[in-house]
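To start, the structure itself, in structure tokens.
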Protein chains: 2
Amino acid sequence: MRPLFHPALEDIKPEAILYALSDPERVAIYAKLAGASGSGTCSALADLGDRVIPKSSLSNHFKVLRESGLIMSERQGVEMRNQTRCTELDERFPGLIKAILTAYGQLPGQPKTD
Amino acid sequence: MRPLFHPALEDIKPEAILYALSDPERVAIYAKLAGASGSGTCSALADLGDRVIPKSSLSNHFKVLRESGLIMSERQGVEMRNQTRCTELDERFPGLIKAILTAYGQLPGQPKTD
DNA sequence: ATCAATAGTTCCGAATTTCCGAACTATGGA
DNA sequence: TCCATAGTTCGGAAATTCGGAACTATTGAT
């Protein structure tokens, strides 16, 4: 297994962020992660309510999020810990992530973000 | 030629906005349009400095921008007038467009946005 | 009215990207 | 060592994107 790539803060490209978050499934995963207290493992985030994302697709979603700079992943034993890089990111792109999550939140059909 | 489709404000989807603006060429076009005083025709926006976008690609870019709700296009004689819907959009998704344009603007290699 | 020029759209095929099942890899127990 | 668990990689079918060539709409000239 190749080591996971994480871009340095200054290498993060806005187009990659926007692209990553232009997929509602990915946003849902990211939003859960952003609001999560603990875990943040892949499997814990696989269930979107209306659909369970296949393993390989999920893995790819995490890869896109990771390589765009949105999240940090690290192996912890047999599972993978994921956490957002939102503090860093907000430094680089002020207000961006918040505006995006707010935009999605305003949409009907997202009753709880628990 | 099919009539041009413009989504109603309430039908605009954040994923469409993010997708449309996840392409640097499209952002460049949009930013020019947002900063433009007059024209806003396709051909006037085709020249990005480093490359001249082919007609059909350009037409497609405008279609993506239009159908995502970012711009309004209307025929005026032989040409097409395009204008941003940024005021409306900011009402629906507060701060979003500004944060995105700011994020792109901070990138090196975009010396002038004239 | 017809013709030519201009501005942009549509069509369609090649190249690229996405999606996901199946096979594989890494780690931690029993 | 062998098994179970969590996730990654492979590979090919399906969907998307890109852009040249052909087409359409409008204006102006003859």
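Keep in mind that this is a model prediction, so the values were computed, not measured. Just so you know, these numbers use all the heavy atoms, side chains as well, and skip hydrogens, waters and symmetry mates. Proteins get letters first, then strands, A, B, ... in listed order; numbering begins at 1 in each.
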**Q.** Test salt bridge (Lys or Arg N to Asp or Glu O under 4.0 Å) applied to B:Glu25 and B:Arg51, step by step
**A.** CA-CA 10 Å; B:Glu25 276 188 356; B:Arg51 144 175 146 102; 2.5 Å; yes

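Taking each heavy atom of B:Arg66 and B:Pro7 in turn, the nearest pair found is O-CD, 3.4 Å.
The B:Leu4 side chain lies nearest to C:dT9 when the options are C:dT9, C:dG8, C:dT6. When the nucleotides D:dA6, C:dC20, D:dT26 are ranked by their closest atom to the side chain of A:Pro54, C:dC20 comes out on top.
Rounded to whole angstrom, the span from the CG atom of A:Asp23 across to the P atom of D:dA15 amounts to 16 Å. Between B:Met80 atom CE and D:dT27 atom P there is a gap of 13 Å when expressed in whole angstrom units. Distance CD1 (A:Ile53) to P (C:dT18): 16 Å, rounded to an integer number of Å. If you take CG of A:Asn82 and P of D:dA6, they are 14 Å apart, rounded to a whole angstrom. Separating the CD atom of B:Glu79 from the C1' atom of C:dG8 is a distance of 10 Å, rounded to the nearest angstrom.
Remark: B:Arg26 is not positioned above the aromatic ring of B:Phe62, lacking an NZ or CZ atom under 6.0 angstrom from the ring centre and at most 45 degrees off the axis.
In terms of phosphate contacts, A:Arg81 brings no side-chain nitrogen or oxygen within less than 4.0 Å of OP1 or OP2 of D:dG7.
Side chain of A:Asp90 to backbone of A:Ile97: no donor-acceptor contact under 3.5 angstrom is found. Formation of a donor-acceptor pair under 3.5 Å by the B:Arg92 side chain with backbone atoms of B:Ile12 is found in this model.
DNA chain D is contacted by B:Ser56, B:Ser57, B:Arg75 of residues 55-76 of chain B, taking any non-hydrogen atom closer than 4.0 Å.
Using a 4.0 Å heavy-atom distance criterion, A:Arg51 is classed as a sugar-phosphate-only contact.
In this structure, A:Tyr30 is not a member of the same hydrophobic cluster as A:Tyr19, with clusters built from ILVMFWY side-chain heavy atoms closer than 4.5 Å.
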